[in-house]
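Because only heavy atoms are used, hydrogens play no part in the values below, and waters and symmetry mates are left out as well, while side chains stay in. Residue numbers start from 1 in every chain, and the chains themselves are labelled A, B, ... in the order their sequence lines are given, proteins ahead of strands.
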Amino acid sequence: MLRSYEDLPSTPVSLQSTEDIMTGNWRTMRPVIDEEKCIRCYICWKFCPDMSIEVEEADDFPTVNLDYCKGCGICANECPKDAIEMVREE
Amino acid sequence: MIEIITSNYAAAYAAKLSRVEVIAAYPITPQTSISEKLAELVDTGEMDAKYIKVESEHSAMAAVIGASYVGARTFTATSSQGLALMHENLIWAAGVNRPIVMPVAARALSGPWTIWSDHSDVISERDAGWMQFFCENNQETLDMTIMAYKIAEDREIMTPAMVIEDGFILSHTVEAVDMPSQEEVDDFLPPFDPEFKIDFKSEPRRYAGVLAPDWWQEHRYRRMLDMEHSKEKIVEVERDFERRFGRSYGGLVEFYRCDDADVALVIAGAPTGTAKDVVDEMRDRGKKVGLVKLRSFRPFPGEELVKLNDMVSMVGVFDKSYTMGQGGAFFQEIRNALYSPDGVPIKNYIGGLGGRDVTKKNIELIFEDLLSLSKKGKVDRIIDWVALKGGPRRWE
Ligand code: SF4
Ligand code: SF4
């Protein structure tokens, strides 16, 4: 855990994996998937620039990994069935 | 071994003696013969280095930043417009701690077109985060380039360095240069061994990724500390150099005949040698004049220069560049460092612009001016342009 300028490495370099960076906290809008409308085409999975749409097993409904989802809304825009609604984070 | 060579060749041989591993350079007057000489040394196999031919100085700097990241000792050289074209990558190199060493054959910035020497190119880069060392003669170019690697690559510092040689006046003038042997330099300068280097196989990492506002300020504070540490390191490296090679330059600042002086002139680069001769001659005539050779402009030696307040009663600062709307850069910063309610009066002299000779007569008249002002205890005007056509007659 970095607390002071002294904890920074001597040269600008990351000391952890990108997986440790919770980009999800940049989000102001969150995607919510309506399973009634979803046809499991996985277009949202294909388009998410942050690999935040996850499909556990074949034929599962997609889920959103909110640790990394930045809320860009691309998935909602690309969904052919309008099954994703962008909801404001409280 | 004594060789009769230009400052540009001294810089090239210093790169060879420092066992530079990657060179990326783009020719520009008056630096060109540095990169040409190195191309020849690599081509004939006398030097074991990769020579990357690039399409611009911007690319040259980008290439050496990359090569430095994998742990190579890197070198490039430039001048004037070329240095200006490198600008954004200069800041990158310093911001990400790449200890690149780069001789700059200092030359005025155009337009209108000029190829001749002054310090306006390097002064324009004073905020780039590089160390800036001014050289008086060809020997110092060679010695300072070798020392610059040792300072720059220190793990506490990891900061790039410009070794500044006045264009043509040094870059194209031959002088006797004492060339150390490869063994002596190997013994002085260990191979580059950074704490972090790009290693795709065993330790993949992200370098210089985005740094958000929550840590940027701390990052800048660390770079500030790197530069501050260099002040001690410069002195320490020079002492070690002197012990081995018998030559020394006085650390960040050289006080030349300043003991018991009434007035002192601060000066940097090639005009220093001329000014030392004038000091010697005037001293022979009983005039109490002294010289302060500014060797390092970055880091800025404020702690050393402030001693002038107690040493002399009038200080002159000679600038071979001019900052429009404000005066000479050396002057601004030195006046700042010397400021105190009872600090010594200080006056700026501008000269040697765009290749104008800085003559012994010019320097002598500056000292005469300082001596007469010291009797009055205050300066007549803040800035004087030396030997300006149409200016005050006293410069004739
Ligand atoms: S794009 Fe829409 S319909 Fe297709 S899987 Fe994603 S949410 Fe379901
Ligand atoms: S909102 Fe953007 S980041 Fe989040 S899941 Fe959709 S496409 Fe990915």
Side-chain angles (χ1 to χ4, degrees), chain A residues 1-32 42-56 62-78 84 86-90, chain B residues 65-72 74 89 91-100 129 151-160 192-200 202-230 233:
Chain A
M1 182 67 178
L2 300 178
R3 290 188 182 284
S4 135
Y5 68 87
E6 289 174 321
D7 302 330
L8 291 176
S10 60
T11 234
V13 56
S14 63
L15 299 176
Q16 344 121 287
S17 155
T18 39
E19 287 183 355
D20 297 336
I21 301 171
M22 298 296 151
T23 49
N25 61 19
W26 301 6
R27 193 177 57 239
T28 54
M29 303 285 276
R30 111 180 19 217
V32 176
Y42 307 138
I43 288 174
C44 51
W45 170 84
K46 207 189 273 180
F47 274 91
C48 173
D50 286 294
M51 296 191 285
S52 297
I53 301 275
E54 291 172 355
V55 181
E56 204 69 33
T63 56
V64 182
N65 184 336
L66 292 170
D67 285 347
Y68 304 112
C69 165
K70 296 189 202 118
C72 64
I74 290 173
C75 52
N77 196 58
E78 295 297 335
I84 305 180
M86 298 303 291
V87 180
R88 183 168 291 280
E89 291 284 359
E90 290 309 322
Chain B
I65 289 171
S68 174
Y69 261 133
V70 296
T74 51
N89 280 337
I91 294 169
W92 258 96
V96 300
N97 295 90
R98 297 298 94 211
I100 299 154
I151 299 159
E153 291 173 359
D154 185 278
R155 285 187 174 192
E156 292 279 295
I157 295 163
M158 290 288 285
T159 298
F192 179 35
D193 178 27
E195 186 183 355
F196 296 100
K197 63 177 174 185
I198 289 179
D199 177 349
F200 295 108
S202 56
E203 251 186 321
R205 293 179 189 279
R206 283 168 302 126
Y207 284 83
V210 65
L211 198 56
D214 53 350
W215 283 99
W216 182 263
Q217 207 159 293
E218 287 68 25
H219 150 72
R220 295 309 287 170
Y221 189 78
R222 284 291 293 265
R223 303 292 77 78
M224 179 276 287
L225 290 178
D226 297 339
M227 185 64 93
E228 287 304 309
H229 285 147
S230 74
K233 193 74 194 176

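With a threshold of 4.5 angstrom between heavy atoms, B/Tyr207 approaches chain A through its backbone and through its side chain. Of the atoms belonging to B/Leu211, not a single heavy atom falls under 4.5 Å from chain A. Heavy atoms closer than 4.5 Å to chain B are found in the backbone of A/Ser4, but not in its side chain. Only the side chain of B/Arg222 has a heavy atom closer than 4.5 Å to any heavy atom of chain A.
The shortest distance between side-chain heavy atoms of A/Val64 and A/Arg30 does not fall below 4.5 Å. Side chains of A/Ile84 and A/Cys44 form a contact here, defined as non-hydrogen atoms less than 4.5 Å apart. For the pair B/Arg98 and A/Thr11, the minimum side-chain heavy-atom distance is below 4.5 Å.
B/Lys233 contributes atom NZ, which lies 6.0 Å from atom CD1 of B/Ile157 (distance to the nearest 0.5 angstrom).
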